[in-house]
Amino acid sequence: MNTNKKAQGLTEDDRNLGMELIRVTEAAALAGARWMGRGDKEAADKAAVDAMRLMISTCSMDGIVVIGEGGKDDAPMLYDGERVGTGEPPLVDVAVDPVEGTTITARGMPGAIAVIAVASRGAMFDPGPCYYMDKISTGPEAADVIDLEAPAGDNVKKVAKAKGLDVDDVTVIIMDKPRHQGLISEVREAGARIRLITDGDVAASISAATPGTGVDLMLGTGGTPEGVISAAALKCIGGNIIGRLNPQSDKERQEVLDAGYDLSRVIAQDELVGGDAYFAATGITGGDLLEAVKYRKDGATTESLAMRSRTGTVRRITADHNWHKLMKFSGIHYD
């Protein structure tokens with residue numbers, strides 16, 4: 001085994017990688033946001049994937065896509081196992097979601113973002129054939145008190161105590177799905193407030209860990225790939241996400257068992273993403289976390305987040321893009 005850290009994984013010399021990743025999510029957001037509210041989620045996803053693939057090829061890294069497109073949603077590919085980057089060190093795992101929230105983008109609803117996460121090679125959890133998992137996430141103040149195996153009401157009370165809040169001040173974000181009706185009832189009985197969303201649980205997890213969003217806790221069953229991406233972000237913020245695989249069909253369950261996964265095991269954040277990690281995201285339709293892409297005659301404005309877990313640095317970046325100059329060298333048709 002090669003134990004040379006400089007060749008094998010992320011090092012302190014890789015400090016510019018986070019800024020390169022912002023260019024990747026900006027490209028995806030600028031391309032995907034053109035389809036906001038136009039009712040075609042496949043077109044939005046394809047535009048973002050094409051832009052992301054082109055831009056990620058310029059990043060100074062030897063990346064393998066561990067969390068990609070295609071499986072669950074029959075989406076255009078940045079497929080699992082695809083090699084990305086320039087091929088030079090560092091050697092990294094990559095997780096992408098060019099449009100996290102394709103349905104809400106197509107419907108013109110808030111909360112869609114373009115995201116990418118990077119960690120040292122071998123450090124990301126590979127969900128294999130399991131597309132869904134139970135998840136709970138919160139911010140730094142309550143990171144040590146959440147328990148995936150405890151009743152929802154107990155978690156609400158623990159988070160309230162850790163944050164110095166009354167229970168009725170706590171806001172829990174939950175995806176509005178039939179599978180969550182019991183969970184929603186439990187949280188209501190505990191006395192907490194609920195914000196229901198239709199899609200976008202990466203943004204939801206980050207919102208639960210970010211001060212000023214008005215969200216304290218995220219609960220529910222959502223995408224396993226999104227759980228891994230969220231773990232990269234929460235490692236940077238200092239929050240916590242815990243998961244457990246939860247197949248949603250008999251076929252998926254059997255495939256997961258055949259692949260050797262333990263459905264009873266609670267997966268800690270550091271198992272979802274180990275070691276040093278980068279996370280970048282750019283707003284597409286806007287929401288609590290990031291502003292939407294705003295187009296104008298000669299360009300557009302984006303808002304992005306760039307984070308690194310080693311330093312805990314979180315950068316919020318507003319960028320103005322000039323079509324005339326940008327398209328001279330980017331190879332992406334934005335206007």
Side-chain angles (χ1 to χ4, degrees), residues 67 93 95 100 113 115 117-120 123-125 127 132-165 167 169-175 183 186-187 190 192 194-195 197 200-246 264-281 288-289 305 307-314:
I67 303 293
D93 287 346
E100 205 264 326
I113 58 176
V115 296
V118 169
S120 301
M124 280 187 179
F125 179 77
Y132 291 91
M133 72 189 310
D134 300 327
K135 292 179 276 191
I136 180 171
S137 63
T138 191
E141 294 168 294
D144 296 332
V145 304
I146 54 174
D147 182 355
L148 190 62
E149 298 183 297
D154 288 358
N155 277 298
V156 167
K157 292 171 185 174
K158 288 177 181 178
V159 169
K161 182 177 180 181
K163 300 186 75 169
L165 301 172
V167 170
D169 291 329
V170 171
T171 298
V172 183
I173 196 163
I174 303 173
M175 294 183 74
L183 176 62
E186 286 185 60
V187 173
I194 295 176
R195 181 180 299 177
I197 60 171
D201 62 354
V202 173
S205 291
I206 300 171
S207 292
T210 303
T213 62
V215 180
D216 304 289
L217 182 66
M218 191 279 289
L219 287 170
T221 302
T224 306
E226 289 84 351
V228 176
I229 293 172
S230 298
L234 268 64
K235 280 177 70 73
C236 300
I237 298 170
N240 192 20
I241 182 169
I242 306 168
R244 180 175 53 215
L245 300 179
N246 185 0
S264 65
R265 184 167 73 93
V266 174
I267 308 169
Q269 179 170 276
D270 282 342
E271 295 176 273
L272 291 169
V273 177
D276 192 17
Y278 285 101
F279 175 88
D288 293 331
L289 194 64
L305 290 172
M307 313 179 190
R308 188 178 187 181
S309 65
R310 174 178 286 157
T311 62
T313 302
V314 178

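- Interatomic distance, CE of M133 versus CG of N246, reported as 9.5 Å (0.5 Å rounding).
- Contact of the I136 side chain with the I241 side chain is not registered, since no non-hydrogen atoms from C-beta on lie closer than 4.5 Å.
- A distance of 12.0 Å separates CD1 in I206 from CG in D288, rounded to the nearest 0.5 Å.
- Minimum heavy-atom separation, V170 to D216: CA-OD2, 3.4 Å.
- Of all heavy-atom pairs spanning M124 and V273, the tightest one is CG-CG2, 4.3 Å.
- Put simply, the side chain of E226 never gets that close to the backbone of D201: no donor and acceptor are under 3.5 Å apart.
- Judged by distance alone, with hydrogens and angles left aside, the side-chain atoms of S207 form no donor-acceptor pair with the main-chain N or O of T213 at under 3.5 Å.
- In this structure, CD1 on I174 lies 12.0 Å from CZ on R195, to the nearest 0.5 angstrom.
- Distance check: I194 CD1 to I173 CD1 gives 11.0 Å after rounding to the nearest 0.5 Å.
- Heavy atoms only, all atoms of each residue included: C236 and M307 are closest at CB-CB, 3.4 Å.
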I'd like to know whether I267 forms a side chain to side chain contact (heavy atoms under 4.5 Å, CB included) with L245, so could you lay out the CA-CA distance, the side-chain angles of the two residues, the decisive distance to 0.1 Å, and finally the verdict. CA-CA 8 Å; I267 308 169; L245 300 179; 4.2 Å; yes
Going through the distances and angles, do L305 and I113 end up as a side chain to side chain contact (heavy atoms under 4.5 Å, CB included)? CA-CA 10 Å; L305 290 172; I113 58 176; over 6 Å; no
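- What you find for G220 and L183 is that their closest heavy atoms are CA-CD2, 3.7 Å.
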Verdict with reasoning, F125 to I67, per side chain to side chain contact (heavy atoms under 4.5 Å, CB included): CA-CA 9 Å; F125 179 77; I67 303 293; over 6 Å; no
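- Using a distance-only test at 3.5 Å, with no hydrogens or angles considered, no donor-acceptor pair links the side chain of T138 to the main chain of A143.
- A190 and V167 make their closest contact through O-CG1, 3.1 Å (heavy atoms, listed as atom of the first residue, atom of the second, distance).
- Inter-residue side-chain proximity for L234 and F279 is flagged as unmet; no heavy-atom pair is nearer than 4.5 Å.
- Side chain of K235 to backbone of G274: no donor-acceptor contact under 3.5 angstrom is found.
- Remark: the backbone N or O of A123 is paired with a side-chain donor or acceptor of D93 at under 3.5 angstrom.
- We find the OG-CG distance between S230 and N240 to be 12.0 Å, quoted to the nearest 0.5 Å.
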For residues 145-155, which side-chain donor-acceptor pairs fall under 3.5 Å, sequence neighbours excluded?
| unit_1 | atom_1 | unit_2 | atom_2 | d |
| --- | --- | --- | --- | --- |
| D147 | OD1 | E149 | N | 3.0 |
| N155 | OD1 | D147 | N | 2.8 |
| N155 | ND2 | D147 | O | 2.8 |
| N155 | ND2 | P151 | O | 3.4 |

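- Residues A209 and G239 share a closest heavy-atom pair of CB-CA, 4.5 Å.
- Considering CG of L219 and NZ of K135, their distance stands at 11.5 Å, rounded to 0.5 Å.
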